[in-house]
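Structure first, then comments.
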Amino acid sequence: MKRICPSCHSAHVIENIDTHQSMTAPLCSPKLLAGLGVSVCKYYKINPMIGMVAGSALATVINLAQQRLMQPPLLRVAVQPRYLCTTCQHTFSV
Ligand SMILES: [Zn+2]
């Protein structure tokens with residue numbers, strides 16, 4: 001089904017991809033925190049495996065807390081796609 005711009009009635013409308021989800025994800029990735037844990041343990045001369053496990057566990061806790069906080073707005077974004085008119089740069093949702 002083709003969308004029509006409500007502002008200029010042009011058919012040159014593309015789906016506007018929301019970048020909110022990808023912006024928050026890399027900040028608390030388990031890989032990143034595990035790596036951080038390893039370097040901290042190397043610095044204090046502790047077994048790096050402990051740091052890796054601790055880092056991964058911390059990442060899991062942060063991600064769970066984030067998911068709980070982020071869920072309502074993210075769900076709203078998912079059910080309401082946004083569109084961008086390439087003729088007049090007008091953004092609208094259905
Ligand atoms: Zn338009």
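Count residues from 1 along the sequence. Indexing begins at 1, ligand by ligand and atom by atom, following the structure's order. Every heavy atom of this structure was used, including side-chain atoms; hydrogens, water molecules and symmetry mates were not.
- Atom CG in L33 sits 13.0 Å away from atom CE in M52 (nearest 0.5 Å).
- Residue C85 counts as close to the Zn ion (ligand 1), with an N, O or S atom under 2.8 Å.
- For the pair SG of C8 and SG of C88, the angle whose vertex sits at the Zn ion (ligand 1) is 110° to 10 degrees.
- To the nearest 0.5 Å, atoms CD1 (I14) and CG (L84) are separated by 4.5 Å.
- With rounding to the nearest 0.5 Å, the separation of OG in S7 from CZ in F92 is 9.5 Å.
- Taking 2.8 Å as the threshold, C5 counts as a candidate ligand of the Zn ion (ligand 1), since one of its N, O or S atoms lies below it.
- Among the atoms of H12, no N, O or S atom is found under 2.8 Å from the Zn ion (ligand 1).
- The NE2 atom of H12 sits 11.5 Å away from the SG atom of C88 when rounded to the nearest 0.5 Å.
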